[in-house]
Amino acid sequence: MLSVLSVFIAVVAFLISTDLAAQSQPVDLGSFISKNPVYFSGSLRYRHEDHQWTDMQAVRSFGLLRGRMEFQIKPTEEKWSVFLQPQFVKAYGEQFYTGVGSNQNAVVNSSGNTADTSLLFHQGYINYKPADNFTLIVGREELSYGNELIIGKLNWGNVGRSFDTVHARYDNGKLWSDLFIAKVVDTNTNIRGASYKGDRDLYGSYSSISRVGWIDTIDLYSLYLKDSEVKPKYTVLTFGTRLVSKVQKADYRLEMNRQVDMVQSSTFDGEIGYTFDDFKKFRMGIGGSYTEADYEHYYPGWHGYFGYADLLGRKNIKSVNAVASYQASEVLNFQLNYHRFYRVDPSRPAYKTNTTGAWGNNSDSSNIGSEIDLTVGYKLHKGPQLRMGVSKFFSGDYFTEQYKNFNVWFSYFEMEVRF
């Protein structure tokens with residue numbers, strides 16, 4: 001299937017490049033921009049984080065910087081456009097390695113030194129629209145669906161997440177539907193053991209329908225993960241649905257999916273809320289989640305679902321949560337969250353955010369703990385958006401029986417300018 005798709009991509013790219021080559025004539029920059037408008041935007045974000053025993057090992061404090069520039073080239077009379085998003089990211093005072101020989105690396109300081117942080121591309125893709133309702137995207141892009149329960153761009157992360165994809169979308173205004181293939185790992189370009197290792201690919205279908213009866217949005221999706229890097233080959237097929245609606249001042253969201261093939265597992269996540277004051281936007285909600293021990297979490301936007309301290313991932317976990325948010329003014333808002341966590345299977349460990357790491361299994365208790373999060377957002381007049389938060393994690397018996405009874409706190413301050 002991938003070989004057929006590769007041929008199709010090559011043909012489309014050839015037709016586009018042939019058309020562009022036929023039109024290419026030496027022109028000045030002003031003439032080029034008048035025919036091919038370039039739209040520019042971007043952002044610069046700084047965040048300082050303080051972690052007190054959030055890894056059950058140490059107290060950490062660091063600053064993170066991210067800069068993004070966004071360019072869209074969109075010819076006025078053409079069916080194609082190009083999107084480019086260079087990005088540089090770093091931790092303050094971060095060191096990196098550089099090659100000084102065939103088998104040697106040297107540590108280089110990135111601050112107070114003649115060495116700069118690298119500028120790389122976070123996104124870069126061709127957007128081709130052969131028909132009014134159909135779009136083909138080829139390149140590197142972010143993927144974000146629903147509440148990012150299973151696939152998200154992970155904007156909280158300093159780098160974020162993007163995929164190397166071929167992506168087709170149909171959209172008629174009421175229904176949109178995506179089909180995509182993401183090449184996660186290609187071992188043909190990897191000199192390490194390419195002769196016996198395969199690729200890691202993600203195939204996806206995601207559709208969303210607006211206003212069906214009393215439901216505002218119905219999402220349906222299926223995902224197939226094929227990992228041939230390991231032996232035996234690892235495959236997971238996921239079918240899921242998401243419902244979102246608002247009925248007067250009440251609202252709800254509900255998402256569930258079932259995984260089959262080499263994994264037999266499922267997850268459920270939902271919340272109901274009520275807005276008491278439309279003007280001040282005072283809202284309260286309660287929710288919960290349930291995820292079995294063998295669940296494959298794919299590539300979610302995990303931050304915040306299980307607390308802002310980010311100790312826990314979506315695997316072998318059940319939780320209840322409550323939220324209260326208040327829009328005090330156009331520039332100031334508050335949010336308070338409470339979470340309570342348990343293990344689904346006490347014989348299996350609780351997992352960290354990426355679910356590849358576990359917290360250990362030397363406890364019989366299902367009581368993982370609880371967390372309270374307070375976040376505040378403020379928009380300066382003609383200035384940056386400020387966000388700050390503090391989180392307190394209360395360790396349950398599962399943690400205290402395996403680690404010291406650490407005083408676990410997390411806090412952050414963030415400033416972002418978009419232009």
Side-chain angles (χ1 to χ4, degrees), residues 40-71 83-125 139-142 152-164 182-194 197 199-200 229 299 301-303 308-311 313 352-357 384-388 409-419:
F40 172 73
S41 61
S43 64
L44 186 65
R45 186 180 80 180
Y46 170 78
R47 183 168 70 236
H48 182 83
E49 297 185 12
D50 282 301
H51 293 256
Q52 183 166 318
W53 309 110
T54 56
D55 61 354
M56 299 295 166
Q57 295 181 13
V59 174
R60 300 167 293 144
S61 180
F62 48 85
L64 301 171
L65 185 66
R66 182 177 82 186
R68 287 178 173 176
M69 295 168 286
E70 299 165 358
F71 302 89
F83 181 78
L84 300 172
Q85 188 183 53
Q87 170 178 262
F88 77 89
V89 295
K90 71 169 302 182
Y92 268 39
E94 185 177 34
Q95 295 179 320
F96 63 89
Y97 290 92
T98 185
V100 296
S102 59
N103 296 306
Q104 291 180 304
N105 288 322
V107 177
V108 178
N109 293 332
S110 63
S111 179
N113 196 7
T114 56
D116 283 334
T117 300
S118 298
L119 177 68
L120 302 173
F121 275 88
H122 182 63
Q123 295 189 87
Y125 56 82
R140 181 173 179 81
E141 63 170 332
E142 294 178 336
K153 58 187 177 182
L154 196 57
N155 189 56
W156 172 264
N158 206 35
V159 176
R161 181 189 290 125
S162 52
F163 296 84
D164 302 332
K183 175 65 70 175
V184 182
V185 176
D186 190 332
T187 54
N188 290 329
T189 62
N190 186 346
I191 61 173
R192 297 177 303 161
K197 292 175 67 178
D199 295 350
R200 183 180 176 95
E229 286 188 284
Y299 303 95
W302 37 257
H303 178 70
Y308 281 78
D310 290 329
L311 273 76
K352 301 179 182 181
T353 52
N354 60 7
T355 71
T356 59
Q385 171 78 45
L386 305 180
R387 290 178 286 267
M388 59 200 76
W409 287 86
F410 167 73
S411 62
Y412 77 96
F413 171 80
E414 182 176 281
M415 177 169 57
E416 182 174 21
V417 175
R418 290 202 57 86
F419 50 86

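Hydrogens, waters and symmetry mates play no part in the numbers below; they use all other heavy atoms, side chains included.
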Those residues that, when tested against Asp55, pass salt bridge (Lys or Arg N to Asp or Glu O under 4.0 Å) (two or more places apart): Arg60
Those residues that, when tested against Arg68, pass salt bridge (Lys or Arg N to Asp or Glu O under 4.0 Å) (two or more places apart): Glu142
For Val108, side chain to side chain contact (heavy atoms under 4.5 Å, CB included) partners two or more places apart: Phe96, Thr98, Asn113, Ala115
Distance (rounded to the nearest 0.5 Å) between Ser43 OG and Gln85 CD: 7.5 Å
Arg66 to Asn158 - nearest heavy-atom pair and separation: CD-O, 2.8 Å
Partners passing ring pair (Phe, Tyr, Trp, His ring centres under 6.0 Å) against His122 (at least two apart in sequence or in another chain): none
Value rounded to 0.5 Å, distance of CE in Met69 from CZ in Phe88: 7.5 Å
Distance (rounded to the nearest 0.5 Å) between Lys153 NZ and Phe163 CZ: 12.5 Å
Minimum heavy-atom distance between Leu64 and Ala91, given as atom pair plus value: CD2-CB, 3.9 Å
Qualifying residues under side chain to side chain contact (heavy atoms under 4.5 Å, CB included), relative to Tyr46, sequence neighbours excluded: His48, Leu65, Tyr92
Residues forming a salt bridge (Lys or Arg N to Asp or Glu O under 4.0 Å) with Glu416, sequence neighbours excluded: Arg387
Nearest non-hydrogen partners of Gly93 and Ser111, listed with the distance: CA-CB, 4.2 Å
Between CG on residue Asp199 and CD on residue Glu229, distance to nearest 0.5 Å: 8.0 Å
Under the ring pair (Phe, Tyr, Trp, His ring centres under 6.0 Å) test, residues paired with Tyr97 that sit two or more places apart: none
Residue list, salt bridge (Lys or Arg N to Asp or Glu O under 4.0 Å) with Glu141, at least two apart or on another chain: none
All ring pair (Phe, Tyr, Trp, His ring centres under 6.0 Å) counterparts of Trp156, not counting sequence neighbours: His303, Tyr412
Set of side chain to side chain contact (heavy atoms under 4.5 Å, CB included) partners for Leu154, sequence neighbours left out: Arg161, Trp302
Side chain to side chain contact (heavy atoms under 4.5 Å, CB included) partners for Arg140, two or more places apart: Ser162, Asp164
Any Thr54 side-chain heavy atom under 4.5 Å of Leu311 side chain: yes
Verdict with supporting geometry, His51 and Glu49, side-chain contact (heavy atoms from CB on, under 4.5 Å): CA-CA 6 Å; His51 293 256; Glu49 297 185 12; 2.7 Å; yes
Residues forming a side chain to side chain donor-acceptor pair (under 3.5 Å) with Gln95, sequence neighbours excluded: Asn109
